[in-house]
Amino acid sequence: MSLHRVTSMSSCEQVRGSSPARSEHMNMSFNPVGTWVPPAAKEEPIGAFEVSKGKRILQVALAVVYCLFAAGVVFGYAAIKPVLVKEGAYREYCAEEAEMGDPGKTCYEQEIRLNLMFTIAAVATNCVALPVGTILDKYGPRISGIIGSILLAIGALLFAFATQLPFDAYIPGYIFLALGGPFVFIPSFQLSNTFPQHSGLILALLTGAFDSSSAIFLFYRLIYSASHETFTPQKFFLIYLIVPIFILLVQIFIMPHNSYKTVGELITNAENAIDENQPHGYGSHDVEEIHQIQDQHCHHRESVVSEMTLLLGKSGNKQQKADEEKQNISGVWGALHGRSALDQIKSPWFILITLFTVVQMTRINYFVATVRTQYEYMLHDYLLAERVNHVFDIALPAGGVLSIPFIGLILDNFSTTFVLALLVTGATTIGVLGVLPNTWAAYANVTLFVLYRPLYYTAVSDYAAKVFGFHTFGKVYGLIILTAGLLNLSQSGLDAMTHKVFNRDPLPVNLILLFAVLIVGSVLVGFVWHQSRHMKRDHLEGEAEDTPDTAIPAATTNGSA
C-alpha cells in the first residue's frame with residue numbers, strides 16, 4: 001500500500017475510461033486515532049490544506065497554551081491542599097482540635113472531606129470522557145471547547161466564593177474544574193492533523209501541556225506563601241477566570257468549527273475527487289463539452305492531490321512501513337480486531353487490563369491525595385514530610401514532560417508483553433519504596449512515581465489500540481477508564497481505613513495495594529505473553545501456507561539434463 005501521486009496525463013486518461021461508480025482506491029491512515037468519520041457529525045471535517053499555514057500554527061500554539069492552564073489543573077491537588085487547610089476549609093468539622101493544633105495540620109474529618117473533593121474530581125475526569133467524545137462527534141471541537149470554558153468558569157467562581165456561599169462549594173467547584181479539563185483537552189487532539197508530518201510532535205506538546213497543568217496550583221501556592229497568605233483563593237480564582245474567557249474567545253474566533261481530516265480521509269477524498277463531482281448524464285450529448293467538463297474535474301483532482309502531497313511531505317511510505325514494523329514488534333497487534341465491542345469486553349484481554357487499571361488508578365490517586373500525611377506518619381517529622389510534598393509538587397508536572405520522549409521509544413521498540421512487565425515491575429518497586437520509612441526511599445518513591453504515571457496511562461491506551469483496534473477503541477477504552485474511575489470511589493474507604501482502623505498508619509493500605517497490583521499484573525503479563533506466542537506461531541504458519549510452491553530443479557547427470 002503506498003501513497004501515489006497522480007500526474008496530469010495519466011489521471012485524465014484513467015478518468016475518461018473509468019466508471020463514475022469505480023472504487024479503485026485504498027484507505028490508509030498514519031493517524032493514531034484512525035480514519036473513522038463520525039456519522040452524526042453535522043458537517044464534514046475540513047482538510048488542513050484549506051486553512052493557511054499561519055492560522056494552523058496559531059491554532060496549535062493557542063491549544064497548547066490553554067491546555068497548559070486548564071487541561072489537568074485538578075491533579076495539582078497536593079499543591080493546593082495546604083493552602084485550603086491554612087484557609088480553614090472544612091476546619092469547622094474539627095473545631096476542638098483547631099483551638100489547640102497547628103492550622104497547617106488536619107484532623108480526620110477535615111482530611112477525609114478534602115481528599116473526597118479530589119477523589120470525586122478524579123472520578124469525574126475519567127467518567128466524562130465518554131460524553132465528551134459523543135458531543136465532539138456530534139457538534140465538533142468548537143462546541144466542546146465552549147462547554148469546557150463554561151464549566152471552568154463555574155468551577156472558578158464556586159471556589160472564589162466558597163467561604164461566602166450557604167453550601168459546601170469546594171466539592172462542586174473542584175468537580176466543575178475537573179469536567180472542564182477534558183472538554184478543552186480531548187478536542188485538541190484533532191489538531192495533530194493540521195500538520196500530519198509533525199502529528200507526533202503536536203500530540204507530545206498537548207500531552208506535555210496536560211501534565212504540566214498540574215503546576216498551576218503549585219505556582220499559586222508559592223505566590224500565596226510569598227505574599228504572607230494575603231493572596232487568598234478568592235483573588236486567585238477570580239484572576240483565573242481569564243483562562244475560560246480566553247478559551248471562549250479562541251474557540252469562537254480562531255479554532256475550527258469542525259475537526260481536521262485525518263490523512264486517510266484526505267487520501268480517500270483525493271481518490272474519489274472525480275467520483276464525487278462526476279455529473280451523471282451531463283445534460284448534454286456534445287462530446288467536446290463532456291471532455292471539457294471531465295478535464296475540469298481532472299485538474300481539480302490534481303490540484304487537491306498536489307496540495308495534499310505538499311501537506312504530507314515525502315515521508316508517507318516510510319511512515320507506513322515504520323507503522324507496520326511497530327505493529328509486528330508489539331506481538332499483539334490485531335488480537336481482537338474486527339470483533340464486536342461486546343465480544344471484546346467479555347474477553348480476558350479486557351477483563352485483566354481493566355482490573356489492573358482499577359487497582360493502579362486507585363493507588364495513583366490515593367498517593368497523590370495523601371503524600372504529605374503518609375510521610376508525616378512514616379518519617380515522624382512534619383517539616384520533612386512538607387519538604388517531600390514540595391518536591392512532589394514540582395516533580396509531578398516536570399516528570400510528565402521529561403518522560404514523553406522515553407515513553408514513545410519504549411512503546412515503539414518493545415513488545416506489549418515487555419511494556420506490561422515493565423509496568424508491573426515499576427509498580428512493585430514503587431510499592432516497596434512506599435512502605436520504607438526512610439528519607440531516601442521517600443524521594444526515590446516520588447521520583448519513580450512521577451516518571452511512572454504518564455508511562456502507565458499511555459501504555460494502557462496503547463494496549464487498547466493494539467489489541468481491540470480503532471473501530472471499537474472509543475467504547476472499549478472509554479469503558480476501561482469509566483470502570484476504573486467509578487471504582488476509584490473506594491479511595492475514600494481507604495482514607496477512612498487508614499485513619500480509623502490503622503490510626504493514620506498508611507503501611508497496611510499500601511501493602512494491600514502492592515500485593516493487589518503484583519497479583520493482577522502478573523496474571524495479565526502471563527496471559528499476554530502466552531497469547532502473543534500463539535499469535536506469532538499462527539502468523540508464521542500463515543506465511544508458510546501463502547508461500548508459492550517452487551519446483552525443484554531436475555538433477556543433472558554427466559553434465560546433461
Side-chain angles (χ1 to χ4, degrees), residues 75-86 90 94 97 100-119 122 214 218 221 359-396 398-399 424-453 456 488 490-518:
F75 292 102
Y77 169 76
I80 199 172
K81 181 180 177 180
V83 176
L84 297 177
V85 172
K86 289 184 179 180
Y90 297 119
C94 46
E97 297 180 45
M100 300 174 59
D102 187 333
K105 295 183 179 181
T106 60
C107 68
Y108 166 72
E109 294 292 342
Q110 185 181 21
E111 180 78 13
I112 289 296
R113 280 168 172 76
L114 286 170
N115 291 346
L116 179 64
M117 179 182 76
F118 171 72
T119 300
S214 62
L218 169 63
R221 196 196 70 201
V359 177
Q360 270 299 85
M361 192 178 291
T362 300
R363 189 177 176 202
I364 288 172
N365 291 334
Y366 175 72
F367 183 78
V368 171
T370 62
V371 56
R372 177 179 296 206
T373 54
Q374 283 196 44
Y375 283 112
E376 184 180 341
Y377 182 92
M378 289 194 293
L379 301 178
H380 305 289
D381 189 328
Y382 175 77
L383 294 178
L384 186 56
E386 189 175 36
R387 284 198 290 271
V388 173
N389 197 158
H390 291 344
V391 171
F392 178 74
D393 293 339
I394 297 172
L396 186 62
V424 176
T425 303
T428 304
T429 305
I430 292 172
V432 172
L433 291 172
V435 299
L436 298 178
N438 305 107
T439 304
W440 68 266
Y443 288 116
N445 188 26
V446 165
T447 302
L448 185 57
F449 178 89
V450 300
L451 295 174
Y452 177 87
R453 179 173 169 265
Y456 165 73
N488 252 237
S490 63
Q491 183 186 320
S492 297
L494 297 178
D495 282 338
M497 188 185 301
T498 301
H499 284 79
K500 288 292 187 181
V501 179
F502 303 116
N503 298 317
R504 299 176 70 95
D505 183 1
L507 180 62
V509 170
N510 283 332
L511 285 174
I512 292 172
L513 293 174
L514 167 60
F515 285 114
V517 166
L518 183 58

(request) Determine the sole option in Leu514, Val501, Thr498 for which the side-chain contact (heavy atoms from CB on, under 4.5 Å) test with Val509 is passed. (result) Thr498

For [Y], does its backbone N or O pair with a side-chain atom of [X] as donor and acceptor, under 3.5 Å?
{"X": "Asp381", "Y": "Leu384", "result": "yes"}
{"X": "Asn389", "Y": "Ala385", "result": "no"}
{"X": "Asp505", "Y": "Leu507", "result": "yes"}
{"X": "Tyr77", "Y": "Leu114", "result": "yes"}
{"X": "Arg363", "Y": "Ala427", "result": "yes"}
{"X": "Lys81", "Y": "Ala369", "result": "yes"}

Would a 4.5 Å heavy-atom cut-off, applied to side chains only, mark [X] and [Y] as touching?
{"X": "Glu376", "Y": "Glu386", "result": "no"}
{"X": "Pro82", "Y": "Arg372", "result": "yes"}
{"X": "Tyr90", "Y": "Val85", "result": "no"}
{"X": "Asn115", "Y": "Thr373", "result": "no"}
{"X": "Ile80", "Y": "Arg221", "result": "no"}
{"X": "Leu218", "Y": "Phe392", "result": "no"}

Indicate the atoms forming the closest heavy-atom contact of [X] with [Y], along with that distance.
{"X": "Asn438", "Y": "Leu379", "answer": "C-CD2, 3.8 Å"}
{"X": "Ser492", "Y": "Leu116", "answer": "OG-CD1, 3.2 Å"}
{"X": "Tyr456", "Y": "Met361", "answer": "OH-N, 4.3 Å"}
{"X": "Ala441", "Y": "Leu436", "answer": "CB-CB, 3.7 Å"}
{"X": "Met117", "Y": "Leu84", "answer": "CE-CD1, 3.6 Å"}
{"X": "Pro506", "Y": "Gln374", "answer": "CB-CG, 3.6 Å"}

Interatomic spacing from [atom1] in [X] to [atom2] in [Y] - rounded to 0.5 Å:
{"X": "Tyr452", "Y": "Thr425", "atom1": "OH", "atom2": "OG1", "value": "9.0 Å"}
{"X": "Thr429", "Y": "Asn445", "atom1": "OG1", "atom2": "CG", "value": "10.0 Å"}
{"X": "Asn510", "Y": "Leu433", "atom1": "CG", "atom2": "CG", "value": "11.5 Å"}
{"X": "Leu518", "Y": "Leu513", "atom1": "CG", "atom2": "CG", "value": "12.5 Å"}
{"X": "Arg453", "Y": "Ser214", "atom1": "CZ", "atom2": "OG", "value": "6.5 Å"}

(request) Look at the aromatic rings of Tyr377 and His380 and report parallel, tilted or perpendicular, splitting at 30° and 60°. (result) tilted

(message) For Tyr375 and Phe367, take the angle between the two ring planes, folded into 0 to 90°, and tell me which bin it lands in: parallel under 30, tilted 30 to 60, perpendicular over 60.
(response) perpendicular

(message) For a quick check under 3.5 Å, do Gln491 and Thr119 share a side-chain donor-acceptor pair by atom type?
(response) yes

(message) Please determine whether the number of non-hydrogen atoms from other residues, nucleotides or ligands lying under 6.0 Å from atom CZ of Phe515 exceeds 12.
(response) no

(message) Going by ring-ring contact (aromatic ring centres under 6.0 Å, His included), name the residues that satisfy it together with His499, two or more places apart in sequence or in a different chain.
(response) Tyr108

